[in-house]
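Note sheet for the following structure.
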Amino acid sequence: MDTSGNRFGKRLTIGILFLIGLVLFMPADSRAASLKIKMNGKTSNYRKTQSTVRYGTKKVLNKKFKGLTIKGTRMVPYVDVFKKGLKVKVKYKSSSKKLTMTKNGMKVTMTLGSKTAYVNGVKRKLPTAPVKVKYVKKKQTKILVPTKFLCDQFGFNYKASSSTITITDAMLLEYNDTIKKSSVIGKISYNDKENTLSSMPVIKLGSTVYIPAEETFKKIVGIEYSYDAGLETLTLKNEATRATVELQMNQNSCKVNGVTKTLSTPMYMIKRKDKNKNVLCVPAKTVCKYLGYSYEWNKTKSVVSIHDVVYFDWKAENAPAPDGITNYITEAKAVYNRDMNCISFTFKGSDAAIMSQASVVRDGQVVTVTIPAASQYCMDKFSFSKFVNILDKFEVVEDGSGNVVFQMTGLNSTDFAFSSQDGTLILNIMSQFTGKDALKIMKPSGLTITDVTNQDLYQSNTFKLFIRGNHIDFLNANPIIVSSDVISDVSYELGADGNTVITVKTTKLQGYKIYNKPDSFVVTVGNPREIYKNIVVLDAGHGGYDNGASHKGTKEKDLNFKIIYTLMKDYFSSNAPDTKVYWTRTSDVFITLANRAAFASKVGADLFISLHMNSASNSSANGTEVYYSPSNNSARFSGITSKSMATMFKNNLVSNLGMNNRGVKSAGFYVIKRNTVPAVLIELGFLSGSSDYSKLTSQTFQKNSAKVIYDTINQLFETYPTGR
């Protein structure tokens, strides 16, 4: 039989494979598309990185004339990128080969072929000299300039990937004879109303957030503002909190009501280079604190949130001495309680017996407090109307019969809780709870919210409250008030430990929070996503007859369960948590993969985390790896993806537990592929591993693992807020 044809076919196949091998093992730059250029009088085939440029979302340098990497520096045509794209003013003199570029008060002069540049007259060294490059095929010559250097001078953010340069706006600032760039260009939210700043945006210098003093405190917040340019001193007065803050330029201290206090960083006069305008700026957090405001920095949205903590704090200047006949009301105070989202009023009288007879009623949007006859309001301020969200105004009325009447008018319907003790009346005004699901438990004397714990038995649509001590007789005399269609049964009994147990059954799975009121414990109930800011499903892999991996008598299912449930449940057991955790299993039972994945949708979860232990035939395999599914990797709230979630877990587990880094990997595991939310599967370590086994079976390591997972969950929601 003639086999010459077969021999030829084999030789051809070998030749093709050889060529493929050559291509595969060529250096990366050699495989890049060749570009014929002429530079410094020499023509060559350029095979290094070619860059396109984006300014924000707009492409300013396309495929026709890409940027080049010359001597390790990304260089781009100045006309295309800086003149046309970034609107930098440019002049080029061919006779002297000088290129002058101006923007934001910055002037940069460069010369072709020279590494010496001048920035506002100051000599600077360039990483690579500007150069003329002819794109031979296009028959055009471009002058290329160092991209990052110029972005830094003109106040742009620069970021380079493998083939793309991304340029975004920043803020170029000058203070204390230095020029710096702030990548933060933010806004201010005051009492939940967002404001765009015209003088200077919120900026960041180092790790400190700065705000423009005059526009913030005089125009937006509306407190007394005084700046002495000669002495370079700023005085801010908040009448409501009785706080006066005095700041001196460039000093790391200030005076609060005459007492010297520390500042994190000084007050500066900062020049915006783009507007050539000086603006007085103060460190936001410490100044707000000293003035009596709450402060919060939202890094994701670049928003500083300032909120009144004290609306007013009035005291009688010349109150009569107590005479045993007249109840003199000498103090009135209104503060905002962020935790309870309520406005809390305190009224102080001289006669405790009369104050205890005060009555409080609600009529639609108005809550009225009536303090009985023989009372006299001793202050000279009678109204306040700078509330936000909950209340429209507060007024004091003396009706002529000796009664003193306080009226709080809500923006909408309001609810209240009040108490009177030792001559002081405390009244909390909150938005009316409009949901159907609520119950109220009168508070036994001497108890606070710290005496209450809870257990969520969501598998059976039940939750329990545990109140310290025996209060069965008290509950018999003060029945629990139920206002809910979804609560099917409420019962109480004395537990074996002598504490009172209240059991609440619902017709479907519900979320709940327990709040402390002066006279009661109030429980709000509703669908989980209506109740909780963040929701996570934690999945202990395997269970029941499914042991998972085993080694030396240790079963994977037990380790998974101990770390992610037994050791973590106390982290999420508060009475009113922001982050709610649901576990796919809370005992040693078998649950199908389909039910595990579907559980996230059932509880309205935001994230799904499954914990496993690895195993291999070779004991040399050790380390942590975290999996995500490419089929479930689309961006969700705040841009979070399964992959970004997996990366954060991998980084934290490896760095904090000292595990070998086996990386982030993709796979089609059912619980992460078929999930409805960003999902990861953690292989914490190898039960079969020579070094991992002793770690995984160590109680200290297990506790540390639970803590790292808990901390990472919090970090995820801080980095990617759900927006609820």
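Between the Asp351 side chain and the Ile354 main chain, a donor and an acceptor come within less than 3.5 Å of each other. The closest donor-acceptor contact from the side chain of Asn534 to the backbone of Thr722 lies at 3.5 Å or more, if one exists at all. Looking at Lys187, its side chain never comes within 3.5 Å of a backbone N or O of Val304 through a donor-acceptor pair. A donor-acceptor pair is defined here as one N or O able to donate and one able to accept, closer than 3.5 Å; such a pair exists between the side chain of Ser375 and the backbone of Pro372. A donor-acceptor distance shorter than 3.5 angstrom exists from the side chain of Ser182 to the backbone of Lys204, with no hydrogens or angles considered. A distance-only check finds no donor-acceptor pair linking the side chain of Asn478 to the backbone of Leu475 [under 3.5 Å]. Without hydrogens or angle criteria, Asn714 side chain to Phe717 main chain gives no donor-acceptor distance under 3.5 Å. A donor-acceptor contact shorter than 3.5 Å is absent between the side chain of Thr286 and the backbone of Leu263. Side chain of Asn499 to backbone of Gly469: a donor-acceptor contact under 3.5 angstrom is found. Checked by atom type and distance alone, the side chain of Arg242 pairs as donor or acceptor with a backbone atom of Asp313 at under 3.5 Å.
Here Arg529 pairs with Asp606 in a salt bridge; the nearest charged N to carboxylate O distance falls below 4.0 Å. Between Glu239 and Lys381 there is a salt bridge, with a side-chain nitrogen of the basic residue lying less than 4.0 Å from a carboxylate oxygen of the acidic one.
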Residue pair Tyr458, Phe463: steps toward the ring pair (Phe, Tyr, Trp, His ring centres under 6.0 Å) verdict: CA-CA 7 Å; Tyr458 44 84; Phe463 62 89; over 10 Å; no
Step-by-step ring pair (Phe, Tyr, Trp, His ring centres under 6.0 Å) determination, Tyr720 to Phe637: CA-CA 7 Å; Tyr720 304 99; Phe637 56 91; 7.4 Å; no
Evaluation steps, side chain to side chain contact (heavy atoms under 4.5 Å, CB included), between Thr368 and Asp363: CA-CA 8 Å; Thr368 301; Asp363 183 8; over 6 Å; no
Side chain to side chain donor-acceptor pair (under 3.5 Å) between Thr233 and Asp228, worked out: CA-CA 5 Å; Thr233 57; Asp228 188 319; 4.9 Å; no
Side chain to side chain contact (heavy atoms under 4.5 Å, CB included) assessment of Lys393 paired with Glu395: CA-CA 7 Å; Lys393 61 183 177 179; Glu395 294 177 295; 3.6 Å; yes
Criterion side chain to side chain donor-acceptor pair (under 3.5 Å) on Tyr512 and Thr506, from CA distance to verdict: CA-CA 11 Å; Tyr512 63 92; Thr506 56; over 6 Å; no
Verdict with supporting geometry, Phe466 and Gln455, side chain to side chain contact (heavy atoms under 4.5 Å, CB included): CA-CA 8 Å; Phe466 304 91; Gln455 181 183 16; 3.7 Å; yes
Side chain to side chain donor-acceptor pair (under 3.5 Å) between Asn403 and Thr370, worked out: CA-CA 7 Å; Asn403 293 333; Thr370 302; over 6 Å; no
Derivation of the ring pair (Phe, Tyr, Trp, His ring centres under 6.0 Å) call for His307 and Tyr336: CA-CA 8 Å; His307 206 292; Tyr336 174 66; 3.9 Å; yes
Candidate pair Lys277 and Ser199, rule side chain to side chain contact (heavy atoms under 4.5 Å, CB included), full reasoning: CA-CA 8 Å; Lys277 180 180 180 181; Ser199 61; 4.2 Å; yes
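In this structure, Tyr710 and Tyr571 have parallel ring planes: the angle between them is below the 30° cut-off, well short of the 60° mark. Taking the six-membered ring where tryptophan is involved, the planes of Phe312 and Phe384 are tilted, since the angle between them lies from 30° to 60°. Ring geometry, Phe345 versus Phe394: the interplanar angle falls under 30°, so the pair is classed parallel (tilted spans 30 to 60°).
The two residues Thr262 and Tyr290 come nearest to each other via the heavy atoms O-OH, 2.6 Å. For Thr208 against Ser264, the heavy-atom pair with the smallest separation is CG2-OG, 4.2 Å. Pairing each heavy atom of Phe406 with each of Ile371, the nearest pair is CE1-CD1, 3.7 Å. Scanning all heavy atoms of the two residues, the minimum distance from Met379 to Ala316 falls at CG-N, 3.5 Å.
Using a 3.5 Å distance cut-off with no hydrogens or angles, the side chains of Ser573 and Asp570 do not pair a donor with an acceptor. Checked by atom type, the side-chain pair Asn191/Asp308 shows a donor-acceptor distance below 3.5 Å. Between the side chains of Gln510 and Asn527, at least one donor-acceptor pair of N or O atoms lies under 3.5 Å. Side-chain contact of Asn575 with Tyr515: a donor-acceptor pair under 3.5 Å is absent, judged by distance alone. The closest side-chain donor-acceptor pair between Glu331 and Thr346, if any, does not fall under 3.5 angstrom. With no hydrogens or angles considered, no side-chain donor-acceptor pair links Thr235 and Tyr225 at under 3.5 Å. Side-chain contact check for Ser189 and Glu194: no donor-acceptor pair (N or O, by modelled atom type) lies under 3.5 Å. Looking at Asn412 and Gln365, their side chains never bring a donor and an acceptor atom within 3.5 Å of each other. Between the side chains of Asn428 and Ser344, at least one donor-acceptor pair of N or O atoms lies under 3.5 Å.
We find the NZ-CD1 distance between Lys443 and Ile467 to be 10.5 Å, quoted to the nearest 0.5 Å. Remark: Lys181 NZ to Ile203 CD1 distance equals 14.5 Å, nearest 0.5 Å. Atoms OG1 and CG, from Thr409 and Leu391 in turn, are 8.0 Å apart once rounded to the nearest 0.5 Å. Atom CD of Gln376 is separated from atom CG of Asn327 by 10.0 Å, given to the nearest 0.5 angstrom. Cys281 SG to Tyr210 OH: the interatomic distance, rounded to the nearest 0.5 Å, is 8.5 Å. Distance check, rounded to the nearest 0.5 Å: CD of Glu214 to CG of Leu280 gives 8.5 Å.
Geometric assessment of Lys285 against the ring of Tyr295 yields a negative cation-pi assignment under the 6.0 Å and 45° thresholds. Stacking of Lys219 on the aromatic ring of Phe217 is not recorded, the 6.0 Å distance cut-off and the 45° axial limit not both being met.
Annotation: side chain of Tyr492 is not in contact with side chain of Val501 (no heavy-atom distance under 4.5 Å). Annotation: side chain of Pro320 is in contact with side chain of Cys378 (closest heavy-atom distance under 4.5 Å). Met171 is not listed as a side-chain neighbour of Val184, based on a closest heavy-atom distance of 4.5 Å or more. A heavy-atom distance below 4.5 Å is not found between the side chains of Gln251 and Met267. Leu716 has its side chain within reach of Leu607: a pair of non-hydrogen atoms, C-beta onward, lies under 4.5 Å apart. Residues Pro721 and Thr300 have side chains in contact (heavy-atom distance under 4.5 Å, counting atoms from C-beta outward). With a 4.5 Å cut-off on side-chain heavy atoms, Ile211 and Ile188 count as touching.
A ring-centre distance under 6.0 Å is found for Tyr377 and Phe382.
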